[in-house]
Amino acid sequence: MSAIEEASDTLAEVNLDDTHNPLTENLESDPSSNLKDILVTVGATVPTGFELTAADEVKEKLGSQSRISKDRGKIYFEISVEKLSQVHRLRSVDNLFVVVQEFTDYQFKETKEDALKDLEDLAKKLPWTDPLKVWKLNTNLKKRKTKHKKQNQQSSASKEKLNDDGGKDSANQKDADKELLDHAQNTPSLKSAEQNTEETQEMLLADDQSDGKDEFLNITVNEDQAGDCKKGEAEAQVLKFRVTCNRAGDKHCFTSNDAARDFGGAVQDYFQWKADMTNFDVEVLLNIHNNEVVVGIALTEESLHRRNITHFGPTTLRSTLAYGMLRLCDPQPTDIIIDPMSGTGAIPIEGATEWPSCYHIAGDNNPQAVKRAANNICSLLKKNQNKESGTSWGIPIDTIQWDICNLPLRTNSVDVIVTDMPFGKRIGSKKKNWDLYPSCLMEMSRICRPGTGRAVLLTQDRKCFAKALSKMGHLWQKGHTVWVNVGGLHAAVYLLKRTLERAGEKRSYW
């Protein structure tokens with residue numbers, strides 16, 4: 001089980017201190033208050049260009065409105081604590097973080113020294129207590145889930161067949177949610193922010209020395225309890241951290257490295273943590289976009305976009321981007337969805353996972369790519385078996401080797417086509433695309449159902465695609481266009497709708 005798969009089942013909490021009323025104050029004012037009624041704010045990075053798609057998913061699955069950041073590729077949304085378990089299961093997000101504090105109009109000083117000095121002073125004034133408690137809960141629950149997964153794997157290996165109880169996953173999820181809420185409600189309230197921060201550090205230090213015990217630990221404990229936990233230990237082990245600064249804008253008199261260095265130094269002085277750029281426990285995020293400043297703590301160790309792929313190719317598409325493309329075409333139950341140039345199968349595998357009521361076909365002319373796709377499908381089947389879910393017997397997907405210009409499919413038999421077309425860089429060439437693109441569009445129009453069929457096509461060779469599409473306006477109607485960033489390349493995702501006109505014989509269009 002990969003770290004990404006483990007992270008997908010992790011619970012995470014976040015808090016945006018916009019109102020300067022931390023979570024602990026709410027608990028102190030009403031100790032019997034139900035944490036399910038408390039709203040927290042989640043920050044998420046998403047594929048550039050698919051911010052609206054990610055916001056739609058959050059609205060659909062969590063019932064929350066999202067705010068799109070001025071800095072492209074980020075969204076923020078509020079959820080109740082009882083829905084925290086679903087955050088890591090969003091398909092369109094890459095990374096998650098808890099926001100310590102956000103400044104929408106931060107005024108930087110004119111000189112480099114003064115601006116960096118302000119950032120150093122800022123680190124000492126931020127409301128760290130609740131975000132650190134959220135980070136700790138996220139870390140503890142991740143360890144707990146990892147141990148639970150290993151036990152499930154050992155248990156399933158000893159069984160001759162899978163359990164037929166398909167509702168087990170949902171029951172386990174409810175138990176995890178209830179446990180989180182009960183734990184948070186039983187956490188003692190704090191008398192002051194300063195005392196709270198000191199007690200939080202003591203808890204973190206003590207927990208790092210534990211012998212792998214997996215039980216939930218209170219994030220805030222009194223000094224006597226913390227001292228008891230440390231008794232018998234050789235020496236206190238300090239948390240390791242690093243600061244990652246992402247800066248955009250041309251009006252700053254400092255670089256990202258300057259900001260990360262000075263802000264990180266202030267954080268180190270404040271918490272007495274140890275700086276480590278590689279083997280860190282806490283990653284503090286400093287996002288600066290013009291005058292917008294957001295300080296956060298990362299909740300994901302690496303991007304969630306690698307969740308489905310174990311065998312990568314030279315141009316493997318990110319799963320989050322694949323999800324965004326699939327969502328654009330609005331798959332309906334019983335739809336037949338194909339990717340005629342699937343490569344390692346990122347798009348069909350994502351589709352089969354999220355839209356199991358459709359049938360997905362992954363095809364490619366490269367035998368090595370087809371083999372990688374088959375291996376990725378097998379890995380997904382094994383993952384489902386480990387979860388002992390009701391769908392562990394299989395998923396609605398198949399893979400085949402074929403020629404994109406001569407597909408072995410009946411005319412008007414496909415509902416949706418979603419594919420990542422060759423850019424002409426790592427695979428193929430720009431010159432070959434002038435022959436390939438029109439031939440592909442013609443063959444796609446033959447197999448796609450007139451009137452209801454649609455296609456979502458990603459390409460960076462926009463000039464060649466526009467020329468090919470202009471010659472086939474009678475077969476394809478261009479709808480929505482999403483501008484995206486793929487590995488630093490400016491590309492476009494085109495949503496096409498199949499017209500009612502019958503596809504004719506193949507012919508040259510140049």
- Message: Does K61 have more than 12 heavy atoms from other residues, nucleotides or ligands lying within 6.0 Å of its NZ?
- Response: yes

- Message: Would the distance check show the side chain of R498 and the main-chain N or O of P450 forming a donor-acceptor pair, the cut-off being under 3.5 Å?
- Response: no

- Message: Main chain of G363, side chain of S342: is a donor-acceptor contact present, judged purely on distance under 3.5 Å?
- Response: yes

- Task: Supply the atom-to-atom distance Q332 CD to I337 CD1, rounded to the nearest 0.5 angstrom.
- Result: 9.5 Å

- Task: Kindly assign one of parallel, tilted or perpendicular to the pair W355 and Y323, based on the angle between their ring planes and the thresholds 30° and 60°.
- Result: parallel

- Query: Rounded to the nearest 0.5 Å, how far apart are CG of D420 and CG of L317?
  - Reply: 5.0 Å

- Item | Short side-chain to backbone donor-acceptor contact, R247 and N257, under 3.5 Å | no

- Any side-chain heavy atom of K371 within less than 4.5 Å of one from N366? no

- Task: Keeping the roles fixed (side chain from H490, backbone from V484), state whether a donor-acceptor pair exists under 3.5 Å.
- Result: no

- Query: Do the ring planes of F465 and Y494 sit parallel (below 30°), tilted (30 to 60°) or perpendicular (above 60°)?
  - Reply: parallel

- Message: Between T334 and Y359, does the side-chain hydrogen bond (donor to acceptor under 3.5 Å, both in side chains) criterion hold? Intermediate values first, please.
- Response: CA-CA 7 Å; T334 73; Y359 188 68; over 6 Å; no

- Task: Check whether the side chains of R67 and S69 place a donor and an acceptor atom closer than 3.5 Å, and report yes or no.
- Result: no

- Message: Distance check, rounded to the nearest 0.5 Å: I417 atom CD1 versus I447 atom CD1?
- Response: 4.0 Å

- Message: Is any side-chain heavy atom of V418 closer than 4.5 Å to one of L457?
- Response: no

- Do side-chain atoms of T399 reach the backbone of A362 as a donor and acceptor pair under 3.5 angstrom? yes

- Query: Between the main-chain N or O of R91 and the side-chain N or O of E57, is there a donor-acceptor pair closer than 3.5 Å?
  - Reply: yes

- Task: Can you measure from OG1 (T320) to CG (N95) and round to the nearest 0.5 angstrom?
- Result: 9.5 Å

- Message: I need the D364 CG to T344 OG1 distance, nearest 0.5 Å.
- Response: 9.0 Å

- Message: Between T278 and D276, is there a side-chain donor-acceptor contact under 3.5 Å, judged purely by atom types and distance?
- Response: yes

- Task: Using atom types as modelled and distance alone, determine if a side-chain donor or acceptor of W476 lies under 3.5 Å from a backbone N or O of T499.
- Result: no

- Query: Does D415 reach the main-chain N or O of I336 with its side chain, forming a donor-acceptor pair under 3.5 Å?
  - Reply: yes

- Side-chain contact test, heavy atoms from C-beta onward, threshold under 4.5 Å: evaluate it for T481 versus V493 and give yes or no. no

- Query: Going by heavy atoms in the side chains, are T244 and R242 under 4.5 Å from each other?
  - Reply: yes

- Message: Can you list everything that forms a side chain to side chain contact (heavy atoms under 4.5 Å, CB included) with T452? Sequence neighbours excluded, please.
- Response: R449

- Message: Set out, in order, the CA-CA distance, both residues' side-chain angles and the distance that settles side-chain hydrogen bond (donor to acceptor under 3.5 Å, both in side chains) for N287 and N246, then state yes or no.
- Response: CA-CA 5 Å; N287 297 325; N246 297 302; 3.1 Å; yes

- Validation row: L475, L441 side chains within 4.5 angstrom (heavy atoms): no

- T300 side chain to L96 backbone, donor-acceptor under 3.5 Å: yes

- Message: Any heavy-atom pair between the side chains of E354 and L326 that's under 4.5 Å?
- Response: no

- Query: Does some side-chain heavy atom of W135 sit less than 4.5 Å from a side-chain heavy atom of V284?
  - Reply: no

- Item | Sidechain-backbone polar pair: H360 side chain, G351 backbone, donor-acceptor under 3.5 Å | yes

- Starting at CG of L239, measure out to NZ of K136 and round the result to the nearest 0.5 Å. 7.0 Å

- Going by heavy atoms in the side chains, are Y76 and I68 under 4.5 Å from each other? no

- Query: How about D403 and N365: does a side-chain donor come under 3.5 Å of a side-chain acceptor?
  - Reply: no

- Query: Is the shortest side-chain N to carboxylate O distance from D335 to R454 below 4.0 Å?
  - Reply: yes

- Message: Checking T48 now: which residues fulfil side chain to side chain contact (heavy atoms under 4.5 Å, CB included) with it, not counting sequence neighbours?
- Response: E51, R72, N485

